[in-house]
Protein chains: 2
Amino acid sequence: MSTTSSRLLEAGRRPGRGEVRRRQILDAAVRIIGTGGLSSLTHRAVADAAGVPLGSTTYYFKDRDDLLRQTMAYAVEIERARMDEIVGAVSGPPSLEGSVRLLTEIFLDKSVADPLYDLALFEMFLEATRNDEYRPQTREWSALIGEIVDQVLPPTDPTIPRPVALQIVAALIDGLMLESASNQELTVEELADHLRIALERLVVADA
Amino acid sequence: MSTTSSRLLEAGRRPGRGEVRRRQILDAAVRIIGTGGLSSLTHRAVADAAGVPLGSTTYYFKDRDDLLRQTMAYAVEIERARMDEIVGAVSGPPSLEGSVRLLTEIFLDKSVADPLYDLALFEMFLEATRNDEYRPQTREWSALIGEIVDQVLPPTDPTIPRPVALQIVAALIDGLMLESASNQELTVEELADHLRIALERLVVADA
DNA sequence: TCAGTTCTTGTACGAACGTACACGTTTCCC
DNA sequence: GGGAAACGTGTACGTTCGTACAAGAACTGA
C-alpha cells in the first residue's frame, strides 16, 4: 500500500514495463474506432487488431469506459505530435498562402494525414456531448486546434478580437473536415480554395 | 404477388394503416440516437422508448440496418419540414441581419430547435463515412442545408461563385453546430456573432 | 537467491443483442 | 359473411459482449 509501484498505480499511470504493449492496444483502438465507429470498440476487436489475447486488454484497461477515455487522450497526443512536427518545420513569418497550405496539409489532405485519427476524434466528440466524463479530452482537442491555427495564421483583422477569429477558422476547418470525410467528390484543392477564400477575408492584407 | 398491397411493399413504402405506428417508432429511434449515440440504437431500446412491444420494431423494420436507414431519412424529412416552416414565414428580401437571425434560429439556438435531431444526424454522417449504404441520406441532408442557406443568404460577393460561398457557409455552420454541441459555455449570442462576422465578409454590402 | 510485484493468458458466466417465428387480431374487399 | 392481407405480440435461440478470475511466467530489488 506504500510501495513505489502502488503509488504509481494510484496516480493512474503504469510504470514503464508494459507501456509498449499498452500503446500497441491504444493504437489498435484508434484504428478500430476510425474504421468502424464507437460501437465497434469492443475488447475482443481491439485485442484482435492489436494481436494480443483478450486478457491483455482487460488487464491494461479496467473497463470499456477506461479504454475509451485513454484512447481519446492517446489520439489527441498523437495528433499533437504530428501537428507540432509540421508546424515546427516552418521558418519565417506566417503568410496567407502559407497558412492555407499548412492548414490544408494538417487537416484536409487525406493523402498526407491518416484520416482514421480524425474520424476517431469526431466520434469521441459526439460521445462527449452525451457523457461529461469525456469532456476533458474534447477540451484538449479543441484547444489543440486553436493553438495550431493561432501559430499558423497571420495577423487577423484588427476589428475583430483574435480569439474570435480563431474560433471562426477552427469551426470552418471542422466543417470542412466533416464534409471532406462524408463527400468523397470534394477534392483537396477545392477544400483549400474554400479555406483561402475565408481566410482572405479574415486576415489583414499583406503588402 | 400481383395485388396492390404487395406492389406497394415492393416499392419500399407500406400502405397507410400502420404509418402512424411506423413513425412513432422512427421518432423514438431518432431520440435514442440523439441521446445515446448509434450504439444505443437497439430494437429493444427503440421499442421501449416508443411504447411498443419488441415484435413491432422487427415487424416494421426487417433488420437493424433497415431501421437505421429509415431513421436517417425520417430525421432529414422532419428537419426539412421544420426549416421550410421557418423560412416560409419570412417576407421581404434577404438581408444580412435577417439571415444571421434565421440561420441562428434554425441551426444554433438550442432553445428553439431540438438538438436531438441534429445530433442524430451527425451520428449518421459519421456512419455514412464508413458505409456507402447510408450515403443517399447524408447527401440529402447536405443538400438540404445548402438549399436553406441559399434561400436565406443575400447576394454574395460576386468575385466568388455562389455555390462556393454556400459551401463555405454550410461548413462553417456545421462546425459551429459541433462546437455548440460539445462546448456548453458558448452562448447562442456568441455563435451568432461568429456567423455574422463571417457573413459580413462574404455577402455584398447593402446600402 | 528468493519473495513480491508486474505482466500474461485462457476460460467461464451472466446480460443484452439481432432475429426468426408462430399465432392471434384487425381491417379490407367482394 | 368470409377469405385474404395487414397488423400486432410474445417467446425462444444462437451470438457476442463485458467482465471476473485463477493460475502461470517474467521481472525486480534486497
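Numbers restart at 1 for each chain; the letters A, B, ... are given by sequence-line order, proteins then strands. Computation of the quantities below employed the complete heavy-atom set of this structure, encompassing side-chain atoms and omitting hydrogens, waters and symmetry-equivalent molecules.
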Do B:Arg80 and B:Glu77 meet the salt-bridge criterion of a basic N to acidic O distance under 4.0 Å? no
What is the distance, rounded to the nearest whole Å, between atom CG of B:Asp66 and atom C1' of C:dT19? 13 Å
Closest nucleotide among C:dT11, D:dG8, C:dC21 to the B:Tyr59 side chain: D:dG8
Between B:Asp63 (CG) and C:dC21 (C1'), how many Å, whole number? 16 Å
For atom CZ of A:Arg64 and atom C1' of D:dA20, their distance in whole Å: 18 Å
Using whole Å, what does the distance between atom C1' of nucleotide D:dG8 and atom CD1 of B:Ile25 come to? 10 Å
Side chain of A:Arg44 - closest among D:dG8, D:dC17, C:dG18: D:dC17
Select one nucleotide: of C:dC7, C:dG10, C:dT11, the one nearest the side-chain heavy atoms of A:Pro53. C:dG10
What's A:Thr58 touching, base or sugar-phosphate or nothing? Going by heavy atoms closer than 4.0 Å. base
Evaluate the salt bridge (charged side-chain N to carboxylate O under 4.0 Å, His left out) criterion for residues B:Arg23 and B:Asp27: first the C-alpha distance (whole Å), next the side-chain angles of each, then the deciding distance (0.1 Å), finally the verdict. CA-CA 6 Å; B:Arg23 286 175 165 262; B:Asp27 200 75; over 6 Å; no
Separation of A:Leu54 atom CG from D:dG18 atom C1', in whole Å? 9 Å
Minimum-distance nucleotide (side-chain atoms of B:Ser56 versus C:dT19, C:dC17, D:dT9): D:dT9
CG of A:Asp48 versus C1' of D:dC17: gap in Å, rounded? 13 Å
Proximal nucleotide (of D:dC17, D:dC7, C:dT11) relative to the A:Thr42 side chain: D:dC17
Expressed as a whole number of angstroms, how long is the span from A:Leu68:CG to D:dT19:P? 12 Å
With respect to the side chain of B:His43, which nucleotide from C:dT8, D:dG18, C:dT19 is positioned closest? C:dT19
Using only side-chain N and O atoms of A:Tyr60, determine if any of them is under 4.0 Å from OP1 or OP2 of C:dT6. no
Checking all strands, does A:Leu67 fall into the base, sugar-phosphate, or nothing category for heavy-atom contacts under 4.0 angstrom? nothing
Note: for A:Ala45 and A:Gly55 on DNA chain D, the residue whose nearest nucleotide lies more 5' is A:Ala45
Electrostatic pair A:Arg201-B:Asp157, nearest N-O below 4.0 angstrom: yes
Length of the line joining B:Leu41:CG and C:dC17:C1', which is rounded to integer Å: 12 Å
With a sphere of 6.0 Å drawn around CZ of B:Arg101, does it hold more than 12 non-hydrogen atoms of other residues, nucleotides or ligands? no
A:Arg21 side-chain proximity, nearest of C:dT9, D:dT19, C:dC7: C:dT9
For the residue pair B:Arg21 and B:Ser56, what are the closest heavy atoms and their distance? NH1-OG, 2.8 Å
